[in-house]
Amino acid sequence: METAALIGLQLLLSIMLRRILKSSELSPILTVALSFYVVLWLVVPVIIRLAFWESVVHIVTYEQFVAAATIESSACLVVLFLTNRLRMTPRSAGRANRLTMHPWSGGRVSPVALSKRSIIVLSLIGCCVTIVVGLQSADASYLEQNSRNTSSASGAGDLANSMAMLEQIMLAYMYVLLFRGTIIKNSGKLGFACCTAWIGVYLGFQIRSGGRFGLLLPLFLTIAYGHSQRWSARRWLGSAGAIASATAVLAWALLGVISDVRSHGSAVTAQTVGDAVLSVARGDQGQGSDMNHFLNEVVGKLDSITFGAKLLDMSGGQSVGAAPYLGAVVGIFPRALFPGKPVPGTLDGSYLTHPSRLVAQACNMDMYAGNVNVSPAAVARWHFGALGIVLFILASLCYLYVLNTLMLSKVTLGAAVALASLSVPTCVGVVSSPDVLIMNLERLLFVATLVWMWRYRGSRVGRARSKVAAKELRLTRDPTTCRANQ
C-alpha cells in the first residue's frame, strides 16, 4: 500500500508539473527549473529505488526510504499546488495575477537592447573569468577542492570563492539573454558562437574536475530556451531530442570515468572521453557500461531522499532546534565584515556539523571532503520535527514568489541573480531547506530592492522629462508666447 501511494504521488507530481509549465503568470525559466528539480531529485531516484532495490546500494531499510520519499513528495506537491493556485494580487487589481509583483517586475519578459559588440565582449570577458577560475583548481583533485571549500569558512580562499560567484552571475546573465532571444536577435551567429564557446570552456573545466552534473547543462539550456521561445512540436523533437540523446550517451559513458576522477584525482582528458564513448559504442562491459554500476552512480548522486532518511535515523527522532538558522540570518553579511559568522545550516558554525557532512561521515566518507545531498524536507524535520514541514512550505512559497518576481523583471541583472541562485543545472536552489531559503531570500530581497529603486528612479526621470517636453510643446503652440518672444 505504501509503495502504491508513493507511485501515485509521482504521477500527481508529473500532472502538476504539466500545469505549471502551461502557466502564463510564472516565469518560463522558473517552471523549467522546478521541473528539473522534481524529475532529478524525486521521480528518478524513486523509480530506480523501487524498481532496482536489490541491485543498488542502500544505507536505510526499504520501509524507511518509502516513508521518507512519501513525506518529501507530499511536501513538494503541496508547494507546487500552492504555487500554481495561490493568488497574491490585491482585489482592487481586478484580475488574478499569480506570483508576480508588477510594480517590481514591470510585466512580462521583454527583450534587452544589447548591441552585437556588447554581447561578444561579454562572452570574451566571461570566458577569461571561467579560465581563471578553472586554472585556480586545475592542480587539485575533487577531494582537495572540497577540503579547500571547507577551510574557506575561516577566511582562506575568499578570492577564489568571489571569482567563482562572479563567474556564476555572468553565466546566468548570459543565460537570461539567451532565453529572452536577445543574443540571436541582436548578435546573430557570431554572438551565439561566442556564447557557445564560453559554455564549452565552462563545461570542460567542470568535467575535468569531476563535476558530473555539468553533463546536464546543455539539456537544461535547450529545454529552457525552447520553452521560453515556445518551440513547435517538430522543433522539440529535433533539437531537444538530439541533445537528450547525446546527454544520455555521454552520461552512460562518463559516469564511471568521472567517478574515478573524484576518487583518485586524475583528470578527464579528451582521449579518456573518446575511449569511453567508443567503449559504449562497441558494447564493451567495462566500468562505464555496467548497468549496476551506472544505477549506483545515478542513485548515489541523485538520491537525497535516502540520505535524508539516514540523517533522521542518526538523530533518533530528536530535533536540533534553531541553531542552524543563526548562520542563515547573518548570511547576507560578507565574511570580510563578519569574519566569525557561522556557516549556515550547521550546529556549531563549522562545515563539519552541516547535514551534508554529518551523513557523509556516517557513510565512511572523508570528514573534511566528503559531502552528500540531503533532501530539504528531511532537513526541515531535523530542525523542528513535523513543524519543520510547515516552515519548509511557507519558506518555499515566499522564495518562489521573489524568484518569479525577479525572473519576470525587465532588469536583466535582477533576473540573472535569481537564476544564479538556482544552481543550474541541478536546480537544487529552487527547493531547499528552510535555513537555506531564508539566507537566499535575504540576498534576493536585497537585489529586488535595488531593482525597484532603479526602476523607480528611471520612472521618475522619465516622468520629469515628459513634463518638460510637454511644457515646451505648450509654449511653442501658445500664440501669445510666440508674439512675446518676437
Side-chain angles (χ1 to χ4, degrees), residues 17-18 20-40 108-114 116 118-120 122-123 126-127 130 167-203 206 213-248 250 403-404 406-427 429-430:
L17 283 181
R18 191 169 183 268
I20 283 180
L21 286 170
K22 291 184 176 181
S23 174
S24 60
E25 299 293 345
L26 292 175
S27 165
I29 306 174
L30 181 59
T31 57
V32 173
L34 282 169
S35 302
F36 257 67
Y37 176 85
V38 171
V39 172
L40 285 178
R108 297 192 176 214
V109 168
S110 60
V112 183
L114 275 184
K116 178 179 181 179
S118 300
I119 293 174
I120 295 175
L122 172 66
S123 302
C127 191
T130 298
E167 176 195 34
Q168 292 302 316
I169 294 178
M170 294 183 68
L171 281 168
Y173 190 91
M174 187 266 292
Y175 296 157
V176 173
L177 294 179
L178 177 66
F179 299 150
R180 295 182 176 183
T182 304
I183 292 178
I184 296 179
K185 181 180 178 180
N186 294 4
S187 62
K189 294 182 179 179
L190 180 58
F192 181 76
C194 292
C195 294
T196 304
W198 180 11
I199 296 174
V201 172
Y202 173 74
L203 280 179
Q206 285 289 305
F213 280 117
L215 299 172
L216 296 175
L217 182 59
L219 181 61
F220 175 87
L221 296 180
T222 303
I223 294 177
Y225 178 76
H227 186 54
S228 301
Q229 300 299 316
R230 301 183 183 277
W231 277 359
S232 62
R234 178 181 298 180
R235 193 167 183 183
W236 272 114
L237 291 175
S239 301
I243 296 294
S245 301
T247 301
L250 287 177
L403 275 179
N404 195 63
L406 289 174
M407 287 187 175
L408 290 178
S409 173
K410 294 181 179 179
V411 182
T412 310
L413 183 58
V417 173
L419 181 59
S421 67
L422 299 185
S423 301
V424 172
T426 61
C427 299
V430 71

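All of these numbers come straight from a predicted model, not from anything done at the bench.
- Ser35 is listed as a side-chain neighbour of Leu21, based on a closest heavy-atom distance under 4.5 Å.
- Distance check, rounded to the nearest 0.5 Å: CZ of Arg235 to CD of Gln229 gives 8.0 Å.
- In this structure, the side chains of Leu122 and Leu177 come closer than 4.5 Å at one or more pairs of heavy atoms.
- Summarising the geometry, atom OG1 belonging to Thr412 is positioned 4.5 Å from atom OH belonging to Tyr173; distances are rounded to the nearest 0.5 Å.
- The two residues Trp236 and Ile223 come nearest to each other via the heavy atoms CH2-O, 3.4 Å.
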Show the atom names and distances, to 0.1 Å, of all donor-acceptor pairs under 3.5 Å that link a side chain in residues 190-203 to residues at least two apart or in another chain.
{"from": "Thr196", "atom 1": "OG1", "to": "Phe192", "atom 2": "O", "distance (Å)": "2.7"}
{"from": "Trp198", "atom 1": "NE1", "to": "Gly126", "atom 2": "O", "distance (Å)": "3.1"}
{"from": "Trp198", "atom 1": "NE1", "to": "Thr130", "atom 2": "OG1", "distance (Å)": "2.9"}
{"from": "Tyr202", "atom 1": "OH", "to": "Gln168", "atom 2": "NE2", "distance (Å)": "3.2"}

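- Between Leu408 atom CG and Leu26 atom CG the span is 8.0 Å, to the nearest 0.5 Å.
- Considering all non-hydrogen atoms of both residues, Tyr225 and Trp231 come closest at CD2-CZ2, 3.4 Å.
- Nearest heavy atom pair, residue Met407 against residue Ser27, reads CB-OG, 3.5 Å.
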Apply side chain to side chain contact (heavy atoms under 4.5 Å, CB included) to residues Val417 and Leu406 and explain how you reach the verdict. CA-CA 8 Å; Val417 173; Leu406 289 174; 5.7 Å; no
Pair Ile183, Met174 - check side chain to side chain contact (heavy atoms under 4.5 Å, CB included), show working. CA-CA 8 Å; Ile183 292 178; Met174 187 266 292; 4.0 Å; yes
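- For the atom pair CG (Leu219) and OG1 (Thr247), the distance works out to 5.0 Å, reported to the nearest 0.5 Å.
- Between the SG atom in Cys427 and the OH atom in Tyr37 there is a gap of 10.5 Å [rounded to 0.5 Å].
- Taken to the nearest 0.5 Å, the CG atom of Leu221 stands 9.5 Å off from the CG atom of Leu171.
- Nearest approach of Leu419 to Ala172, heavy atoms of both residues: CD2-O, 3.8 Å.
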Stepwise side chain to side chain contact (heavy atoms under 4.5 Å, CB included) test for Leu215 and Gln206: CA-CA 9 Å; Leu215 299 172; Gln206 285 289 305; over 6 Å; no
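- Residues passing the ring pair (Phe, Tyr, Trp, His ring centres under 6.0 Å) test with Phe36 are Phe220, sequence neighbours excluded.
- Minimum heavy-atom separation, Leu403 to Ser421: CD2-OG, 3.6 Å.
- When each of Thr222, Ile29, Val32 is checked for a side-chain contact (heavy atoms from CB on, under 4.5 Å) with His227, only Val32 meets the rule.
- The two residues Leu217 and Val424 come nearest to each other via the heavy atoms CD1-CG1, 3.7 Å.
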Step-by-step side chain to side chain contact (heavy atoms under 4.5 Å, CB included) determination, Thr426 to Leu216: CA-CA 8 Å; Thr426 61; Leu216 296 175; 6.0 Å; no
